[in-house]
Amino acid sequence: MPELPEVETTLRGIESHILNKKITSVIVRQPSLRWPVPARQLKEKLVNRTFSGIKRRGKYLILESSQEFLIIHLGMSGSLRIAQGKDLKKHDHIDIVFEDKSILRYCDPRRFGCFLWTDNIDNHFLLENLGPEPLGNSFNGEYLFNLSRKRKVPIKNFIMNSKNVVGVGNIYANEALFKSKIRPTRQAGKVPLGKYEVLSREIIAILKKSIDQGGTTLRDFVGSDNKPGYFKQQLEVYGRQGEECKICSSILKNVTIGQRSSVYCPKCQK
Ligand SMILES: [Zn+2]
């Protein structure tokens, strides 16, 4: 599933190819994504206009055009790439074509993504309840600590809830909790400030590392026959249940929290 680092890498990969170029057509082959794609509106709004900016909020990409906004989410399996027309694949649902013939092409086999238009980005239902960016200035241990007081949910759910902080997907939650030596089932409200300081730093570190690794895949966004290759990094616990902890050699355990697999070391994580 595309996570925050993949979305950030997508932004960096497509940005220079789509900004300030006149849009000549919008082609919607499949409008049934998570919400219906407003195909007619997209054509009316975008043809003969340009995108003046692109930014990321959580896992949403927001493309600005004349103070209005295209909101894109990659869902479970989506990707965006810069195509040249010929390499059309089965699940390539949307094309935005520019005057230089380059194409911003959206592919989404499972169709859980979204492609929506709005003139009001501040109160949009998909964005208005999002918590702070983990790589932004307001995210730190003190923020998590204060927000978590009296919360009885497992800390893993707490950090994966986008109302609390955006972009901490399952893999990153598993890994950051291991590095912080916090058991994923521990009640969020009982974790002390010092632990939240370590945890916030580990969340930031793993996201930054993933984004840095993504930088090496940027060429895949242009003219490739395949969708961009999402990157795997060295994982300490995720997907390693039953194997040995790399620190203490205990056998890693798996517990399901909120229907998500949570692998932890019973000795290192308290
Ligand atoms: Zn261990």
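Order of listing sets the numbers, starting from 1, for every ligand and every atom in it.
Near the Zn ion (ligand 1), less than 2.8 Å away, sit the protein N, O or S atoms Cys245 SG, Cys248 SG, Cys265 SG, Cys268 SG.
Between Arg29 and Asp92 there is no salt bridge, since no side-chain N of the basic residue sits under 4.0 Å from a carboxylate O of the acidic one.
The side chain to side chain donor-acceptor pair (under 3.5 Å) search around Glu133 returns Arg56, Arg57, not counting sequence neighbours. Taking Arg240 as the reference, Glu243 meet the salt bridge (Lys or Arg N to Asp or Glu O under 4.0 Å) condition, with sequence neighbours excluded. With sequence neighbours excluded, the residues that form a salt bridge (Lys or Arg N to Asp or Glu O under 4.0 Å) with Glu68 are Lys45, Arg49.
Looking at every heavy atom in both residues, Asp87 comes nearest to Arg81 through O-NH2, 3.3 Å.
A ring-centre distance under 6.0 Å is found for Trp35 and Phe125.
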